[in-house]
Amino acid sequence: MPEVPEVEALRTFLDGHLVGKEIVRVLPLTVNVLKTYDPPLSALEGTTVTAVARHGKYLDIVTAGTGGTTAGTGGTGDDVLHLAVHLARAGWLRWKDAFSGAPPRPGKGPLAWRTVLAEGDGFDLTEAGTTKRLAVHLVRDVADVPGIARLGPDPLAASFDRAAFGRLLAGERRRIKGALCDQRLLAGIGNAYSDEILHAARMSPFKPVKNLSEDEVTELYEALRTTLGDAVERSRGVAAGGLKAEKRTGLRVHGRTGEACPVCGDTIREVSFSDSSLQYCPTCQTGGRPLADRRMSRLLK
């Protein structure tokens, strides 16, 4: 699933390719991709992109009609529209310098959405697999998107300091891994980067947040900011088509079960769940002991 660094890189890419251009056609190509009906999609056609924002894992393409204005990314005037996109686990955005041939047929292959610009370029949204969760919302106010309205603070925001992080964790009783992945607590961190953050902080994913000392909260905060910041920097300037590969090359433990830890050389291990898995290094994170049971492990240090 694309997380904060990849979505931020997509935002930067789209900001340079969409802003100032007119949208002439939008085509939803799977049954459930569009989650809204008012305003109608026809309201988007003929508008001009004025900004591209990010809210956690959501992209927010802001448009205005002829003569319309928008201040930044939060405009809510009558002529301002927000095309909010959540790529879910298997979705991706693919930029097209030109579209060839007849319009695509709905329901064929991974193609879920197409946006065509007046200059003939635009982008496709695709989703692999049979489970379709990619979501597009067209709204007048981005806060009308339920998933955005529920988001916690952005971990990349300049205002998100150690004190703010400490306040978020106060009273939290879950394991660290689950807390980091909760979009209501922190916006944009998912399975991959939570593994990377915990490896950098040398902490077990199963350790309860309530057991963290003040020094450990500081270590976790610094690992979070450094891990996400470094990933954003690696992705800077990478075209949309190369971001997935860039993400994979930058991961130290996630998705690397059986490989050697780049820090200590121990074998990276995995804990599997019904629909996901986590990876960790026993030497770096759990005192050399493997997490023996996926949900009931009592190894908390």
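This structure is a prediction, so every number in the text was calculated from the model and none was measured.
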Show the nearest heavy-atom pair for residues [X] and [Y], with the distance to one decimal.
{"X": "Leu81", "Y": "Ala43", "value": "CD1-O, 3.5 Å"}
{"X": "Arg252", "Y": "Val263", "value": "NH1-CG2, 3.4 Å"}
{"X": "Leu186", "Y": "Ile189", "value": "CD1-CD1, 4.0 Å"}
{"X": "Leu29", "Y": "Val33", "value": "N-CG1, 4.3 Å"}
{"X": "His199", "Y": "Cys281", "value": "CD2-CB, 3.9 Å"}
{"X": "Pro205", "Y": "Leu278", "value": "CG-CD1, 3.8 Å"}

Decide whether [X] and [Y] are clustered together by the hydrophobic rule: side chain heavy atoms of Ile, Leu, Val, Met, Phe, Trp, Tyr closer than 4.5 Å, transitively.
{"X": "Val26", "Y": "Val49", "result": "yes"}
{"X": "Leu117", "Y": "Leu27", "result": "no"}
{"X": "Leu291", "Y": "Ile268", "result": "no"}
{"X": "Leu156", "Y": "Leu169", "result": "yes"}
{"X": "Val85", "Y": "Val116", "result": "no"}

Within the side chain of [X], is there an N or O that forms a donor-acceptor pair under 3.5 Å with the backbone of [Y]?
{"X": "Thr36", "Y": "Leu138", "result": "yes"}
{"X": "Lys21", "Y": "His17", "result": "yes"}
{"X": "Thr50", "Y": "Val62", "result": "yes"}
{"X": "Glu3", "Y": "Tyr193", "result": "yes"}
{"X": "His86", "Y": "Ala88", "result": "yes"}
{"X": "Ser277", "Y": "Phe273", "result": "no"}
{"X": "Thr249", "Y": "Glu246", "result": "yes"}
{"X": "Glu127", "Y": "Arg133", "result": "yes"}
{"X": "Asp141", "Y": "Asp144", "result": "no"}
{"X": "Gln279", "Y": "Gly255", "result": "yes"}

Using a 4.5 Å cut-off on heavy atoms from C-beta on, say whether the side chain of [Y] contacts that of [X].
{"X": "Pro2", "Y": "Lys247", "value": "no"}
{"X": "Tyr280", "Y": "Thr286", "value": "yes"}
{"X": "Leu125", "Y": "Leu87", "value": "yes"}
{"X": "Leu14", "Y": "Trp95", "value": "yes"}
{"X": "Ile61", "Y": "Phe123", "value": "yes"}
{"X": "His55", "Y": "Val142", "value": "yes"}
{"X": "Val217", "Y": "Phe165", "value": "yes"}
{"X": "Gln285", "Y": "Phe206", "value": "no"}

Using a strict cut-off of less than 4.0 Å between a Lys/Arg side-chain nitrogen and an Asp/Glu carboxylate oxygen, indicate whether [X] and [Y] qualify as a salt bridge.
{"X": "Arg162", "Y": "Glu222", "answer": "no"}
{"X": "Arg11", "Y": "Asp60", "answer": "no"}
{"X": "Arg174", "Y": "Asp182", "answer": "yes"}
{"X": "Asp124", "Y": "Arg94", "answer": "no"}
{"X": "Arg256", "Y": "Glu196", "answer": "no"}

Nearest-0.5 Å distance that lies between atom [atom1] in [X] and atom [atom2] in [Y]:
{"X": "Leu220", "Y": "Arg202", "atom1": "CG", "atom2": "CZ", "answer": "14.0 Å"}
{"X": "Arg25", "Y": "Leu41", "atom1": "CZ", "atom2": "CG", "answer": "11.5 Å"}
{"X": "His82", "Y": "Leu44", "atom1": "NE2", "atom2": "CG", "answer": "11.5 Å"}
{"X": "Glu172", "Y": "Leu180", "atom1": "CD", "atom2": "CG", "answer": "9.5 Å"}
{"X": "Tyr58", "Y": "Ile148", "atom1": "OH", "atom2": "CD1", "answer": "6.0 Å"}
{"X": "Ser204", "Y": "Ile176", "atom1": "OG", "atom2": "CD1", "answer": "7.0 Å"}

>> Set out, in order, the CA-CA distance, both residues' side-chain angles and the distance that settles side chain to side chain contact (heavy atoms under 4.5 Å, CB included) for Asn191 and His254, then state yes or no.
In response: CA-CA 8 Å; Asn191 194 33; His254 184 78; 3.4 Å; yes
>> Is the ring pair Phe160/Tyr221 parallel, tilted or perpendicular, if the boundaries are 30 and 60 degrees?
In response: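 Ring orientation, 0 to 90° scale: tilted.
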>> Would Glu216 and Lys207 count as a salt bridge (Lys or Arg N to Asp or Glu O under 4.0 Å) here? Give the steps.
In response: CA-CA 11 Å; Glu216 287 175 323; Lys207 185 168 185 174; 2.8 Å; yes
>> One pair to check against side chain to side chain contact (heavy atoms under 4.5 Å, CB included): Arg54 and Val4. What are the steps and the verdict?
In response: CA-CA 9 Å; Arg54 178 184 60 79; Val4 161; 3.9 Å; yes
> Does atom CZ of Arg225 have more than 12 heavy-atom neighbours from other groups under 6.0 Å away?
Replying inline: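 Buried by this count: over 12 neighbours within 6.0 Å.
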> Thr63 and Thr48: side chain to side chain contact (heavy atoms under 4.5 Å, CB included), yes or no, with the steps?
Replying inline: CA-CA 5 Å; Thr63 74; Thr48 298; over 6 Å; no
>> The test is side chain to side chain contact (heavy atoms under 4.5 Å, CB included); show your working for Leu212 and Lys210 and say whether it passes.
In response: CA-CA 6 Å; Leu212 294 175; Lys210 66 179 182 179; over 6 Å; no
> Do Thr47 and Glu45 get their side chains close enough for a donor-acceptor pair, meaning under 3.5 Å?
Replying inline: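 Side chains of Thr47 and Glu45: no pair found under 3.5 Å.
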